[in-house]
Each structure stands twice: as C-alpha cells, then as structure tokens.
**Q** 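Sharing a structure here in structure tokens format.
By convention in this document, chain letters (A, B, ...) are assigned in the order of the sequence lines, proteins followed by strands, and residues within each chain are numbered from 1.
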2 protein chains.
Amino acid sequence: MKNLNTYFKSAFTVDNVIFGFDESDLKILLIKRQEEPYNNHWGLPGYFVLPDEDLNTAARRVLKQLAGIDNVFLEQVKSFGAVDRHPVGRVITVAYYSLVKIADFNPTPDNDVAKEVRWFSVSDISALDLAFDHEEMINVCFQTLKRQVRIRPVGFELLPPKFTLTELQHLYEAILETDLDKRNFRKKILSMNLLIDLEEMQEGVAHRPAKLYKFDSDKYEEFLQDGFSFEVKESKRKEPKPSLSN
Amino acid sequence: MKNLNTYFKSAFTVDNVIFGFDESDLKILLIKRQEEPYNNHWGLPGYFVLPDEDLNTAARRVLKQLAGIDNVFLEQVKSFGAVDRHPVGRVITVAYYSLVKIADFNPTPDNDVAKEVRWFSVSDISALDLAFDHEEMINVCFQTLKRQVRIRPVGFELLPPKFTLTELQHLYEAILETDLDKRNFRKKILSMNLLIDLEEMQEGVAHRPAKLYKFDSDKYEEFLQDGFSFEVKESKRKEPKPSLSN
DNA sequence: GCCACCTAGTGTACAAAATACACTAAATGA
DNA sequence: TCATTTAGTGTATTTTGTACACTAGGTGGC
C-alpha cells in the first residue's frame, strides 16, 4: 500500500446537463467559457466542488451561480473519470441532469466563468465542439432522460403550469425521438388521472383552441412513490416481437 | 475564483457491490478490513483509484486484487461524496455493481487490505455494521439490480452455464423479493427464445429431475442492443391500476 | 415392488392493455 | 363564406397478462 498522500492530489467537479422544452424542441443549456482550459468553447455549466461541500449541494450551487437556476429537479447520473479528461490535472466529474421550465428563468452569466449562456436544440449540439468530454456526458444524460420519461412524469418539470395535450405529446415525441398516435396518447395519459382539466382554452391561436390542463401534484407524488409505469408506445406497429417458441 | 490548488487535495475510491446467487439466496461479497479506518469491520471491496488510472480500470483491478474476481459484468452505479464520509480526508467513492457466478471463483484475500472475504446473504447484511457508507451503497445497488432485472437478462451473469427453469425462477424471486407464478413465468421466459433446451436432465436429485437449459448468447446480444423489455410480473393480483377516467 | 414423497411440467379461460385507424368540430383570417 | 389549421373523439382487433390445479417422473424407504 502506498503512502496515502499519493492519492490526495485530485479534484472533482460537477457538471449539469439541463434540459428544457420549447415549442416542440428539446434544448440544453450551455455556457460559453471564459477561462482556460477550453476558453471560448461552449460547455456544460459545471465547476469544482468545494472541499467542504456535498456533491448535490455543489451541483445546485453551481447551477445557481453559473446560470441563475435554482429549485429544480436535479439528479446524479454518472461520473466521468478518464485519466486525461482534464488538462490541468486529475479531475473526476459527476454529471447531473436537470429538467427546467424554460420560461421560469432568464439565464444570465452572473459570474466571471461564463461569458454567455444559451439554450441549444439537442440536435444542434454535435456541431459545437464542446469542452472536455461534455458531449459524451450529454449523450449519456439524454439516454437517461429517455429512460426516465417512461417511468416518471417528466412533463411536470418541463412544461409550463398550463399546457395542452398536444404540447405534452410533442414533448414526449421530442424526448423519445419518435411519432406518437394522437388518440392512443391521449387515452393513455388521461387514463392515469394525472391531469386536471382547467376548463380554460388556449388563446391567440389561428385555429381551434385547445383545452388547457395542469398536472395534479397530489397524484404525482403518489405515483412517484409507487414507481408507476408511464409507458407510452409509438404509433408505428413495432417489429414483430421475438416470436413465441411454443 | 480560488486558486486551483485549493481543489487538488482530494482522493477517490471505487467500491464494488458484487452480487452472486446460490441456492435461492442472493448474496453479496464482503471483505473484513484489516486497516484503519474501520479496521475489523466488514465492508465492500474497494480501494483508492491510482493517479493514472481510469475509473472502470480501477474497479476491475480492485476487484481482482481484493477478491480474485475478474472478467465479470461490472457497471458504474453512482458516486457518493458526503463531506464526512471518510475520516481521513475528502474522498469521493464511485460505486460499481457486478454480477458473478459464485462457483466460478474462490474468493481469497490475496492482499493485505482484507483479512477475510465472504459471501453474505442480502438479508443478513443490515446486522453487520458495515464500514463507511457501504450499507447505503448496497441499498442503492440492490435497487439498481431490481430495475435492471426487468430490462436485461441477468440470469446470464448469475447462474451457472446449465440451469433449470426453477432455478431461474428462484433467482428472479430473490431479486424481486416476490413470488412468481410458475406457469406464467415459464411461458414468458420461453416465449423470448433466450433459452436453449440442452436435452439433458438434472442429476442426483431425489425427485423428478428437471430439464437443463443454457442461455443463447446470440439472442442475448441482440436483445441487449434492442433494449428489449424483460418484464416478469408477480403472481398475486396487483392493486387495481389507477382507474380510467373516461 | 410398491408406496410415499417430492419437484417438474403443462393449458385454458378471462381480463386488461396496446394498437390501428378517419372523420367532425371550432377557431382564424383572407 | 370559405379555406386553412389544429382539436378532439371511438371502436374493433390483437397482444399480453393473469389466475388457477392436476398429472408426470424421478428417489428412497420399507
């Protein structure tokens, strides 16, 4: 066994993959770095964990400091620790993912780490040449979101308080990257009793206005506990299942 | 922003939660520590990550060194980083979980970190007063296993090459902590075409011998890719689902 | 050799959930 | 008033899940 001092020479950071949803488009919040390494590159809002700070606390603090976002869903996803992932030294990072309502925040870099903060469509991100291994982290978190969307009512976190069923469907389509059947989707969603019909109509649209709904927080809590299944299937007939053997 | 040196004073470790299955019993491999802190306590096989070592590499190395286990399924689960979780300094640990065939290894502590290595039934572990936050880590990994068992054919990793359907069912029952209906379980499992009937019989049992099966690795690979659903339901009628609203 | 014991192995009817699919309704604005 | 756009709805069919109880085929004791 080596001297313990050998080991106490590394650092860790937290990085947040923040998802938002806006007009049929799934987005991620990025910052334009203004310090080395990767000065001027876009990257995830992340920073070092303080010596006396828990991981979750650090993730929330950094999110608040770098993007002005707080009080949101935030959950640890995975740690990344390739030896050479950080040019300055050995730095492991813990990736968090977060779901926010875009309209709730006006992200401004109030800190000298970032010179700009902006929402990017998920589909545009691969063109950006992100800092560090942030692109890989985003991919992993997106996969996590795709998995979670089936077992947790993510709309709660990503949609404004009042929304239409079509908006909710678009959200699912954006996350799952597939088309859903309108009637089946509605049947399924309504059958969960998770939505409250506000008996209000959409306004200012040049077509038949849709009914507005909100989520029923009590039901939501119940369902979170029970780990209910929120499966939503796509509209195209799937491959025939591995056929029965007998 | 602080001087970077402030941050480069921490260490990280990996800890492995190793599941095995043996005669209807789900087990976890623990070591009896022979160094401070927590000398003489049982705990997970884990150790510091070397300065020039990737996380996954470290997890495999430690597993090999401390328990003589290699070439197994091993996957990162979560990082634990409470400020005071390690008495010696700031140490974040990355938890891995692993599935092994108990008969494949004869775990012996070939290193001076552990004075003993032993399989414990999951149900006996809460009585042990484990080192660090290892009990919490085990709970999290057990939850992960429960989730994974539904979407990945874990029997592959935990059962010997030849097994009976009853053994497979017992495995699922142990992981899910529930009873399953024999006929429905068999119907479901066989319908996936994941098993190959070896046309051999169990031997040396004092009752009607069961047929032996093995897993079909080709099908397994396919299914891993497609992320197929491996749901197996319990035998008691479930709570009525949240009732349809209309 | 037969019987007691033990686990293996099997099928069916019913209920619930998933899926495919197309037309009418209600608003705007030209 | 009509062209355009999106909202909203129901049913028949298929697939999947679930409940449930008896016979089959070995061993070992007597």
**Q** With sequence neighbours left out, write down each residue that passes ring-ring contact (aromatic ring centres under 6.0 Å, His included) with B:Tyr97, or none if nothing qualifies.
**A**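 B:Tyr97: ring-ring contact (aromatic ring centres under 6.0 Å, His included) contacts with B:Phe73.
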**Q** Give the table of side-chain donor-acceptor pairs shorter than 3.5 Å for residues 206-216 of chain B, with sequence neighbours excluded, one pair per line with atom names and distance.
**A**
{"unit_1": "B:Lys211", "atom_1": "NZ", "unit_2": "B:Asp197", "atom_2": "OD2", "d": "3.0"}
{"unit_1": "B:Asp216", "atom_1": "OD1", "unit_2": "B:Asp218", "atom_2": "N", "d": "3.1"}
{"unit_1": "B:Asp216", "atom_1": "OD1", "unit_2": "B:Lys219", "atom_2": "N", "d": "3.3"}

**Q** Are there over 12 heavy-atom neighbours, none belonging to A:Asp70, within less than 6.0 Å of that residue's CG?
**A**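 Atom CG in A:Asp70 is crowded, with more than 12 foreign heavy atoms closer than 6.0 Å.
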**Q** Could you give the CZ-to-P distance, from B:Phe185 to D:dT18, as a whole number of Å?
**A**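 One finds 14 Å between P of D:dT18 and CZ of B:Phe185, rounded.
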**Q** What string of B, S and - do you get for nucleotides 6-14 of chain C 5' to 3' if you count protein non-hydrogen atoms under 4.0 Å?
**A** BBBBBBB--
**Q** For the pair made of CD in A:Gln169 and P in D:dG8, what is the distance, rounded to whole Å?
**A**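 So the CD-P distance, A:Gln169 to D:dG8, works out to 11 Å.
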**Q** Applying salt bridge (charged side-chain N to carboxylate O under 4.0 Å, His left out), which residue pairs with at least one partner in residues 159-173 of chain B are found, sequence neighbours left out?
**A**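 Sorted result for residues 159-173 of chain B: B:Lys162-B:Glu200.
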**Q** Roughly how many Å is it from CD in B:Glu200 to P in D:dG25, rounded to a whole number?
**A**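 Distance check: B:Glu200 CD to D:dG25 P gives 19 Å.
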**Q** What is the separation between atom CG on A:Leu180 and atom P on C:dA18, rounded to the nearest whole Å?
**A**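 That distance rounds to 13 Å.
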**Q** Do any pairs count as a salt bridge (charged side-chain N to carboxylate O under 4.0 Å, His left out) and have a residue in residues 134-147 of chain A, sequence neighbours left out, and if so which ones?
**A**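 Passing the test, one end in residues 134-147 of chain A: A:Lys146-A:Glu177.
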**Q** Which atom pairs, donor and acceptor, lie under 3.5 Å between side-chain atoms of residues 16-26 of chain A and protein residues at least two apart or in another chain?
**A**
{"unit_1": "A:Asn16", "atom_1": "ND2", "unit_2": "A:Pro45", "atom_2": "O", "d": "3.3"}
{"unit_1": "A:Asp25", "atom_1": "OD2", "unit_2": "A:Ser121", "atom_2": "OG", "d": "2.4"}

